[in-house]
Protein chains: 2
Amino acid sequence: MSKRKKSSTTNAIDILHRRYYEGRPERLAALEEARANDSVARKIAALRVQAGLSQRQLAKLVGTTASVICRLENADYEGHSLAMLNRIAAALNQRVEIRFVQTDRRLQPA
Amino acid sequence: MSKRKKSSTTNAIDILHRRYYEGRPERLAALEEARANDSVARKIAALRVQAGLSQRQLAKLVGTTASVICRLENADYEGHSLAMLNRIAAALNQRVEIRFVQTDRRLQPA
DNA sequence: ACAGCCGTTCGCAATAATGCGAACATGTGC
DNA sequence: GCACATGTTCGCATTATTGCGAACGGCTGT
C-alpha cells in the first residue's frame with residue numbers, strides 16, 4: 001500500500017476525496033449511503049413524473065398516502081426498504097433490480 | 001415459492017401465469033417480491049462466500065451478529081432494507097446499485 | 001377572493017426490522 | 001469422546017419505518 005502521490009492532481013474533488021475518505025471505511029460507507037439514498041429518491045420521482053402521476057395518484061396506486069411518497073422522494077431519506085421499492089415498482093409496471101458492484105478502483109468524477 | 005417447476009409442457013408456465021397472475025397486480029407484486037427477496041438473499045450469500053468469510057466473520061465486519069446475517073441470507077426473508085444492504089456492501093468493498101426495469105411484457109424465466 | 005391541485009412538513013400510533021444472546025444440528029479433526 | 005467451527009432457529013428488547021391525517025405555502029384558473 002504505497003502512499004506516493006503519482007499524479008499531480010489539479011482536481012479538487014480528488015484532493016478532498018483523499019483527505020477525508022481514503023482509508024476511512026466508515027466515511028466511505030456513509031458517502032456511498034448518502035449517494036445511494038439520493039439516487040433512489042431521484043429514481044422514484046423520475047419514474048412517477050415519467051408516468052404522469054402526482055404524488056397523491058402514485059400513493060393511491062401503491063396503497064399509501066402522499067406524505068409517504070414525498071418522504072421517499074426526499075434525498076435525505078435513509079429508510080428505503082425493498083418492500084416499498086417493490087410496491088412502487090409494481091404500481092408502475094416495473095421491477096426492482098439490485099446489483100453489487102465493486103468499488104475497489106478509484107471512483108470517477110460524476 | 002417453488003423453486004423447481006420444470007415441466008415438459010412448453011406453455012404450462014404461460015397458462016399458469018395467465019390464470020393466476022395476469023390482470024392481478026397484487027399477485028404479480030407478490031411474485032416479484034418473492035423473487036427479489038430470494039435474489040438478494042442469494043447475492044449476499046454469494047458475495048460472502050466469494051470473499052471467503054463465514055457468517056460470523058461478515059457479521060463482525062458489518063457490525064452485527066451471525067443470526068442477522070443468516071436471516072438476511074434466507075430466501076423467505078422479506079425485510080431487506082437499503083441501509084443493511086449498503087452496510088454489507090461497504091464491508092465487502094462493493095456498492096449497491098438499484099435499477100427499475102420495465103416489466104410490461106410477459107416475464108421470462110431467467 | 002375562491003376553489004382546486006401540487007409538493008411539503010409535522011406529529012403520533014402501529015407495524016416491522018434490527019440487535020443480541022442462547023441453543024441446536026452437523027461436520028471435522030484431535 | 002471431545003473441542004471447534006459452521007449454519008440455523010428461537011425469543012425478546014430496541015430501534016426504525018410505515019400509515020395517516022392535518023396543515024402550510026405556492027401556483028393556476030375562474
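By convention in this document, chain letters (A, B, ...) are assigned in the order of the sequence lines, proteins followed by strands, and residues within each chain are numbered from 1.
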Any side-chain heavy atom of A:Asn93 sitting closer than 4.5 Å to one from B:Gln102? no
Nucleotide C:dT9, atom C1' - distance to CG of A:Asn74 in whole Å: 10 Å
Atom-pair distance (CD on A:Glu78; P on C:dA17), nearest Å: 18 Å
Close side-chain approach of A:Leu58 to A:Leu47, heavy-atom, < 4.5 Å: no
What about B:Ser67, does its side chain sit under 3.5 Å from the base of C:dG21 through a donor-acceptor pair? yes
Please confirm whether any donor atom in the side chain of A:Arg71 sits under 3.5 Å from an acceptor in the base of D:dG19, or the reverse. yes
Within the structure provided, determine whether A:Val62 and A:Met84 are in side-chain contact (heavy-atom separation under 4.5 Å). yes
Could you tell me whether the phosphate oxygens of D:dG7, OP1 or OP2, come under 4.0 Å of any side-chain nitrogen or oxygen in B:Arg48? yes
Could you check how far CE of B:Met84 sits from P of C:dA17, rounded to whole Å? 12 Å
Between A:Ser81 and B:Ala66, who's closer to the 5' end of DNA chain D by nearest nucleotide? B:Ala66
A:Glu73 CD to D:dT17 C1', straight-line distance once rounded to whole Å: 17 Å
Which whole-number value in Å describes the distance from A:Leu58 CG to C:dG7 P? 10 Å
Figure out the CG/P separation between A:Leu85 and C:dA17, and round it to whole Å. 13 Å
Can you tell me if B:Gln55 touches the phosphate of D:dT8, counting only side-chain N or O atoms and a distance under 4.0 Å to OP1 or OP2? yes
So what does A:Thr65 touch, heavy atoms closer than 4.0 Å: a base, only the sugar-phosphate, or nothing? base
For B:Arg56 and for B:Gly79, find the nucleotide of DNA chain C with the closest heavy atom, then tell me which residue's nucleotide is more 5'. B:Gly79
Here the distance between atom C1' of D:dT17 and atom CG of B:Leu82, to the nearest Å, is 13 Å
Residue-phosphate contact under 4.0 Å: A:Arg87 side-chain N/O, D:dG19 OP1/OP2: yes
Below 4.0 Å: OP1/OP2 of D:dT6 and any side-chain N or O of B:Ser54: yes
For a 4.5 angstrom cut-off between non-hydrogen side-chain atoms, does B:Glu73 reach B:Arg48? yes
B:Ile69 CD1 to C:dA17 P, in whole Å, measures 16 Å
Can you measure from CG (B:Leu53) to NZ (B:Lys60) and round to the nearest 0.5 angstrom? 12.5 Å
